[in-house]
Enquirer: 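Okay, here's the structure, questions in a sec.
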Amino acid sequence: MMTRPEILILLAGALCLPACGDDKGDSDGGTDSATSGEDTDTPTTDAGTTEDTTDGETTAGPVDPMVPAGGIDIVAVEANQGTRVDIGVAGEWADGNQRSTYLVNGRNMLVRVHFTVAPEWVPHEVEARLKLILPDETEKVFTQTLMVEGASSESDIGTTFAFGVFAEDVLPGIRYQVELYEHMDVHTTEPSTWATPLSGPELVGVEQDPVEMKIVLVPLHYTAEGKDVTAAPSEEAMTKLQNWMSDTNPVQSVTFEMHEPLEWDQPIQWLDPVLQAVAQLRAADAPAENVYYHALVDIDCQFAGCGNGGLLGQAIDLPSDSKSDAYVRVAASMYHDPGTNPTELTLETIVHEHGHSQGLQHVFCPGGGSGGNDPSYPHPEGEIDGWGFGISNSWLYTPDFVDYMSYCHPQFVGPWTWTKTFNRIRTLTSWDYEDSQPAPSQTLLVASHYPDGTESWWTTEGGFTATRQSANHSIEIWRDGQVSTQPVEIRTLSEGPGYWVVTPMPDLEGVDKLVHVGPEGRTAIAPEAISQTFAAN
């Protein structure tokens, strides 16, 4: 279930994206529907006013006489930028050890106030005041008046006090306090947990570090099978992709750059060759180590091979947060946009495959059929297990949505995945803000092992990790009838049986042949058949 607020807390142009769904599914597929929301430029509440106080001077504010509300108790104050984080519980401030995950600075935020009422409660209006004290001691007070019929419901945003806070005010060091007031003429019960924190303003707990993502999209110009198709997202499509990527990742910004199309004249039955080509393109472009490359593959149908449920996307292994793993920050997704409107499954696939490029494994869900599932995922059926919120569309996502790294639907993000990606994005972003040198790298020899058993050999620049050496794969180097053996590491692909064999580039002087020895057998190649793809620098 997904709920739409009766009181809109729209923080940006609203678009209902792929999470619009009813029940968890058991297939790779999804619906192709998307529902438009409403657009606004300012956070709004039912009857909200904003009071800005600087140096003790109040320019506008709520009407008095009002007194602390009685018979109504705050049970939690929630901050939500994508997944719920309780910053106050039962009148007490929730410190870092009590938080489910991180809050991002410079990102729009929903603040909800959850409450219970006494058994003898008589419905009447209650006013909530959210006080924000910015790092420069500027004070802002947001107010909302709500006819309180009974206890709030997590699933109905209209029964909670809800405030939209723009990114410009979501700053490290910002403090908050929530208070509830009622008119004197309805005041019959002494207040209890009428404020949070009761002791006074405390830190919201916004992180300091910048968190940004940079993705180069590489469209294919597909001319095989008598077709002439180029993946060319419209401006509207790019907005939808931007929104879905931003909604599901703890970022301040996602920057997409559209690359020149990659010419492709061979039928695509699997995406392994596309990944190799885009990895070679990335090596030739030599971007910064934290830049991801993502191919968009449009062959005029939804799946690789145009089957009735074939491959949707692939990524190269699960890169670490090391600079030396830059060469495997590459993914490919099928791009299908009938009528210039990308399907829900297209958007989900791009975010899913990018998740692999951020080091995420699959998440198990019943009937999903994914392999390589992360055994540490804490929820056995793949649920996000936390209330989600789309900052672009103002939707609430219920805890029984499944994680976007699963094969089930409908999908969103929960605190577990949010935490993992926050740490990854923070690390990669830090490279743009430090005076650091590129990671040491070396020329690598790569054998792309395709699902049909054939191999394509090529070179790139990157790091070789001794701890990842394979126990059942090796490279033989033959010179004048003599053989030496070199260790390799295996880079598996996120979906399908393909993999990469990676080893430091040997000296080819006098080499007759190279042989990949693995469980499937022996595959030989002559040195002159190796494709030289060195970085541009």
Side-chain angles (χ1 to χ4, degrees), residues 1-22 31 33-50 76-87 101 103-104 106-114 128 130 132 142-146 152-170 178 204 236 239-254 344 347-348 351 384 386-401 404 410-415 418:
M1 173 186 175
M2 184 191 324
T3 61
R4 179 70 170 174
E6 293 297 326
I7 304 170
L8 295 177
I9 318 293
L10 296 175
L11 298 170
L15 291 170
C16 176
L17 289 175
C20 299
D22 297 317
T31 61
S33 62
T35 305
S36 295
E38 300 179 40
D39 295 337
T40 183
D41 292 327
T42 54
T44 61
T45 59
D46 183 32
T49 59
T50 303
V77 177
E78 162 196 352
N80 201 321
Q81 297 178 312
T83 190
R84 176 173 172 169
V85 179
D86 283 348
I87 59 176
T101 189
L103 294 172
V104 176
R107 180 180 171 102
N108 294 336
M109 182 170 69
L110 169 70
V111 175
R112 284 211 292 169
V113 183
H114 305 272
L130 170 63
L132 296 179
F142 301 87
T143 68
Q144 181 189 4
T145 300
L146 184 67
S152 63
S153 169
E154 291 180 314
S155 62
D156 186 351
I157 199 170
T159 68
T160 61
F161 295 101
F163 302 91
V165 183
F166 270 144
E168 63 195 47
D169 290 332
V170 182
V178 172
V204 173
E236 180 184 5
T239 297
K240 289 186 175 184
L241 177 56
Q242 184 100 31
N243 287 342
W244 191 235
M245 188 70 76
S246 296
D247 282 359
T248 52
N249 281 275
V251 291
Q252 296 151 337
S253 65
V254 178
E344 176 180 314
L347 297 171
E348 288 182 345
V351 168
I384 60 174
W387 285 89
F389 179 70
I391 60 170
S392 72
N393 58 19
S394 296
W395 285 101
L396 283 178
Y397 298 85
T398 58
D400 60 349
F401 270 59
Y404 66 75
Q411 300 179 352
F412 202 61
V413 63
W418 187 272

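The structure displayed is predicted, hence computed values, not measured ones. The residues of the chain are indexed from 1 along the displayed sequence.
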Enquirer: Can you list the steps and then say if L241 with L347 is a side chain to side chain contact (heavy atoms under 4.5 Å, CB included)?
Expert: CA-CA 6 Å; L241 177 56; L347 297 171; 4.0 Å; yes
Enquirer: Within this structure, what is the CD1-CG distance for the pair I384 and D400, rounded to the nearest 0.5 Å?
Expert: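 So the gap between those two atoms works out to 8.0 Å.
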Enquirer: Using the test side-chain hydrogen bond (donor to acceptor under 3.5 Å, both in side chains), find all partners of S253 that sit at least two apart in sequence or belong to another chain.
Expert: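 S253 satisfies side-chain hydrogen bond (donor to acceptor under 3.5 Å, both in side chains) with no residue once adjacent residues are dropped.
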Enquirer: Please report the shortest heavy-atom distance between G158 and L146, naming the atom on each side.
Expert: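 Heavy atoms only, the tightest pair is O-CD1, 3.5 Å.
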Enquirer: Can you see which heavy atom on F401 is nearest to which on P410, and at what distance?
Expert: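 Minimum heavy-atom separation between F401 and P410: CE2-CB, 3.4 Å.
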Enquirer: Identify the two heavy atoms, one from W387 and one from N80, that lie closest to each other, and give their separation to 0.1 Å.
Expert: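 Taking every non-hydrogen atom into account, O-ND2, 3.0 Å.
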Enquirer: What closest approach, in Å, do F389 and S394 show between heavy atoms, and which atom pair accounts for it?
Expert: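 Nearest heavy atoms, F389 then S394: CE1-CA, 3.5 Å.
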Enquirer: By side chain to side chain contact (heavy atoms under 4.5 Å, CB included), which residues pair with A76, not counting sequence neighbours?
Expert: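 Expected list: R84, D86, H114.
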Enquirer: Show your working on side chain to side chain contact (heavy atoms under 4.5 Å, CB included) between V204 and M109 and close with a plain yes or no.
Expert: CA-CA 11 Å; V204 173; M109 182 170 69; 4.2 Å; yes
Enquirer: So, applying side chain to side chain contact (heavy atoms under 4.5 Å, CB included) with W418, which one of V413, V85, T248, N249 is it?
Expert: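 Single side chain to side chain contact (heavy atoms under 4.5 Å, CB included) partner of W418 among V413, V85, T248, N249: V413.
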Enquirer: Can you list everything that forms a side chain to side chain contact (heavy atoms under 4.5 Å, CB included) with P415? Sequence neighbours excluded, please.
Expert: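 For P415 the side chain to side chain contact (heavy atoms under 4.5 Å, CB included) partners, ignoring immediate neighbours, are T83, S100, T101.
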Enquirer: Any side-chain heavy atom of V165 within less than 4.5 Å of one from V111?
Expert: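 Of all side-chain heavy-atom pairs linking V111 with V165, at least one is under 4.5 Å.
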Enquirer: Checking the side chain of Q242 only, and the main-chain atoms of V254 only, is there a donor and an acceptor separated by less than 3.5 Å?
Expert: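 Side chain of Q242 to backbone of V254: a pair is present.
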Enquirer: Please give me the minimum heavy-atom distance between V170 and Q81, naming the atom from each residue.
Expert: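 Answer, listing the atom of V170 first, then Q81: CG1-NE2, 3.7 Å.
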Enquirer: Looking only at non-hydrogen atoms, find the nearest pair between I157 and T160 and report the distance.
Expert: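 It is O-OG1, 2.9 Å.
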Enquirer: Counting N and O atoms only, with roles assigned by atom type, does the side chain of N108 sit under 3.5 Å from a partner on the main chain of F166, one being a donor and the other an acceptor?
Expert: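 Not a single qualifying donor-acceptor pair exists.
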Enquirer: Can any side-chain N or O of D247 pair as donor or acceptor with the backbone N or O of S392 at less than 3.5 Å?
Expert: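 A pair under 3.5 Å: yes.
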Enquirer: Please name all residues satisfying salt bridge (Lys or Arg N to Asp or Glu O under 4.0 Å) with R112, sequence neighbours left out, ordered by chain then number.
Expert: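 Partners of R112 under the salt bridge (Lys or Arg N to Asp or Glu O under 4.0 Å) test: E78.
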Enquirer: Which class fits the ring pair Y397 and F412: parallel under 30°, tilted 30 to 60°, perpendicular over 60°?
Expert: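 Judged by the thresholds at 30° and 60°, the geometry between Y397 and F412 is parallel.
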Enquirer: Atom CH2 in W244, atom OG1 in T239: separation rounded to 0.5 Å?
Expert: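 One gets 15.5 Å once the value is rounded to the nearest 0.5 Å.
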Enquirer: Going through the checks in order, is the side chain to side chain contact (heavy atoms under 4.5 Å, CB included) test met by I87 and L103?
Expert: CA-CA 10 Å; I87 59 176; L103 294 172; 4.0 Å; yes
